[in-house]
Enquirer: 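Below are the structure tokens for one structure; questions will follow.
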Amino acid sequence: MTPTVLFVPGLRDHVADHWQTLMAAEMRGSRTVPPLERDRLSLAARVEALDRAIGEIEGPVVLAAHSAGCLMVAAWAAMGGRPIAGALLATPPDVERPLPAGYPTLDELTAGGWLPVPRCPLPFETLVVASENDPLASLDRVVGFAADWGAAVVNGGRLGHLNPAAGYGPWPPGLAFLKSLTGT
């Protein structure tokens, strides 16, 4: 059975010109964790939404997370859920350090349950994509997260935060990796 790709957005949820939205439209049968209508900064609420979305999928699942979605996947995996076929975690943020203006503060993230970042090994094949110029996390910190998670890491170069503000839109390397995990 071909795995279903489940896209796990970060805190900004649906963005029309984001690589996740574009890939979801291109990958038949894929799904996206729906945005929260309340408790938007609650990690527990987001992990519950992720668990619910995974539970609605029959057969194998591949996760494709971006930004805070990566942290949601790590928190979900630490709870011991169903088996996952693999995961792509793109540009996880370092929420243990102050984020730039316009993002939640350390106090808000602490109140929402985001700290500390889950550091348990992930029980599925995982590729973490790091950026050399991500304003939300240094390359060294992302490499450290990947090591803690037991994940392979790829230095994607100068990707920024791999979002529309950094010029992404379409992201062919991510699509190629997901297709390799799903055999499509």
Side-chain angles (χ1 to χ4, degrees), residues 1-93 95 103-104 108-109 112-115 117-129 136 145-146 149-151 161-164 168-171 174-184:
M1 180 175 231
T2 302
T4 298
V5 175
L6 177 62
F7 290 94
V8 185
L11 294 177
R12 302 221 190 261
D13 292 316
H14 177 83
V15 177
D17 57 347
H18 194 282
W19 64 266
Q20 285 182 308
T21 308
L22 299 172
M23 276 190 212
E26 187 171 325
M27 298 189 81
R28 286 186 355 189
S30 69
R31 299 196 188 168
T32 301
V33 176
L36 293 180
E37 295 183 19
R38 57 188 178 90
D39 297 328
R40 295 182 42 78
L41 269 183
S42 167
L43 176 60
R46 288 189 177 264
V47 168
E48 183 180 314
L50 171 59
D51 189 58
R52 199 170 31 256
I54 290 169
E56 293 172 357
I57 297 172
E58 291 185 27
V61 176
V62 169
L63 301 172
H66 175 251
S67 191
C70 303
L71 307 182
M72 292 173 224
V73 168
W76 176 85
M79 295 178 0
R82 75 182 252 197
I84 296 296
L88 171 65
L89 305 181
T91 61
V95 297
Y103 289 91
E108 291 169 325
L109 292 167
W114 293 89
L115 302 172
V117 170
R119 298 272 196 326
C120 302
L122 302 179
F124 39 82
E125 178 185 357
T126 305
L127 177 67
V128 173
V129 178
L136 302 187
F145 293 153
W149 295 334
H161 193 57
L162 196 56
N163 58 8
Y168 295 88
W171 183 43
L175 181 59
F177 179 73
L178 290 177
K179 287 185 174 187
S180 75
L181 284 177
T182 62
T184 59

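Note: hydrogens, waters and symmetry copies are ignored here, and every other heavy atom, side chains too, is used. Note that this is a predicted model, so its numbers are computed, not measured. Count residues from 1 along the sequence.
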Enquirer: Excluding sequence neighbours, so at least two apart, what forms side-chain contact (heavy atoms from CB on, under 4.5 Å) with Ala49?
Expert: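 Only Val33, Leu36, Arg52 meet the side-chain contact (heavy atoms from CB on, under 4.5 Å) criterion with Ala49.
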Enquirer: Within this structure, what is the CG-CG distance for the pair Leu89 and Leu63, rounded to the nearest 0.5 Å?
Expert: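 Result: 8.0 Å between the selected atoms.
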Enquirer: Do Phe7 and Leu178 have side chains that get closer than 4.5 Å, going by heavy atoms?
Expert: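 Answer yes - side chains close enough.
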Enquirer: I want to check something: taking the side chain as every heavy atom from C-beta on, are Val117 and Phe145 in contact at a cut-off of under 4.5 Å?
Expert: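 A side-chain contact under 4.5 Å exists here.
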Enquirer: What is the minimum heavy-atom distance between Arg40 and Arg46, and which atoms define it?
Expert: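 Smallest heavy-atom distance, with atoms named: O-NE, 2.8 Å.
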Enquirer: Show which side-chain atoms of residues 25-32 pair as donor or acceptor with protein atoms under 3.5 Å away, not counting sequence neighbours.
Expert:
{"unit_1": "Ser30", "atom_1": "OG", "unit_2": "Ala24", "atom_2": "O", "d": "3.0"}
{"unit_1": "Ser30", "atom_1": "OG", "unit_2": "Met27", "atom_2": "O", "d": "2.9"}
{"unit_1": "Arg31", "atom_1": "NH1", "unit_2": "Glu56", "atom_2": "O", "d": "3.0"}

Enquirer: Testing the basics here: between Met23 and Leu175, what is the closest heavy-atom pair and its distance to 0.1 Å?
Expert: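 Answer, listing the atom of Met23 first, then Leu175: CE-N, 3.2 Å.
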Enquirer: Using 30° and 60° as the class limits, which term best fits the ring planes of Trp76 and Phe124: parallel, tilted or perpendicular?
Expert: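 Answer is tilted, since the angle falls between 30° and 60°.
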Enquirer: Which residues pass the side-chain contact (heavy atoms from CB on, under 4.5 Å) test with Thr2, sequence neighbours left out?
Expert: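 Thr2 satisfies side-chain contact (heavy atoms from CB on, under 4.5 Å) with Thr182, Thr184 only.
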Enquirer: Within a strict 4.5 Å, meaning less than it, do heavy atoms of the Leu181 and Leu88 side chains meet?
Expert: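 No; the side chains remain at least 4.5 Å from each other.
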Enquirer: Could you tell me whether the side chain of Leu71 reaches within less than 4.5 Å of the side chain of Pro93, counting heavy atoms only?
Expert: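 Yes, side chains in contact.
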Enquirer: Does some side-chain heavy atom of Thr126 sit less than 4.5 Å from a side-chain heavy atom of Trp149?
Expert: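 No, every pair of side-chain atoms sits at 4.5 Å or beyond.
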Enquirer: Compare every heavy atom of Trp114 with every heavy atom of Ser42, then report the nearest pair and how far apart it is.
Expert: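 Ser42 and Trp114 have their closest heavy atoms at C-NE1, 4.3 Å.
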Enquirer: Can you check whether Ser67 reaches Asn163 side chain to side chain, under 4.5 Å on heavy atoms?
Expert: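 Ser67 vs Asn163: side chains apart.
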Enquirer: Locate the shortest heavy-atom distance separating Glu108 from Leu41; write the atom from each residue and the value.
Expert: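 That would be CB-CD1, 4.0 Å.
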Enquirer: Any chance you could measure Arg82, atom CZ, to Ile57, atom CD1, to the nearest 0.5 Å?
Expert: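 One gets 6.5 Å once the value is rounded to the nearest 0.5 Å.
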Enquirer: Within a strict 4.5 Å, meaning less than it, do heavy atoms of the Leu136 and Thr91 side chains meet?
Expert: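 No, every pair of side-chain atoms sits at 4.5 Å or beyond.
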Enquirer: Can you find a pair of side-chain heavy atoms, one from His18 and one from Tyr168, that are under 4.5 Å apart?
Expert: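 Not in contact.
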Enquirer: Ignoring hydrogens, what is the shortest heavy-atom contact between Leu162 and His66? Give both atom names and the distance.
Expert: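 Closest approach of Leu162 to His66, heavy atoms only: O-NE2, 3.3 Å.
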Enquirer: Minimum heavy-atom separation for Gly169 and Trp19, please, with both atom names.
Expert: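 Between these two residues, the closest heavy atoms are O-CB, 2.8 Å.
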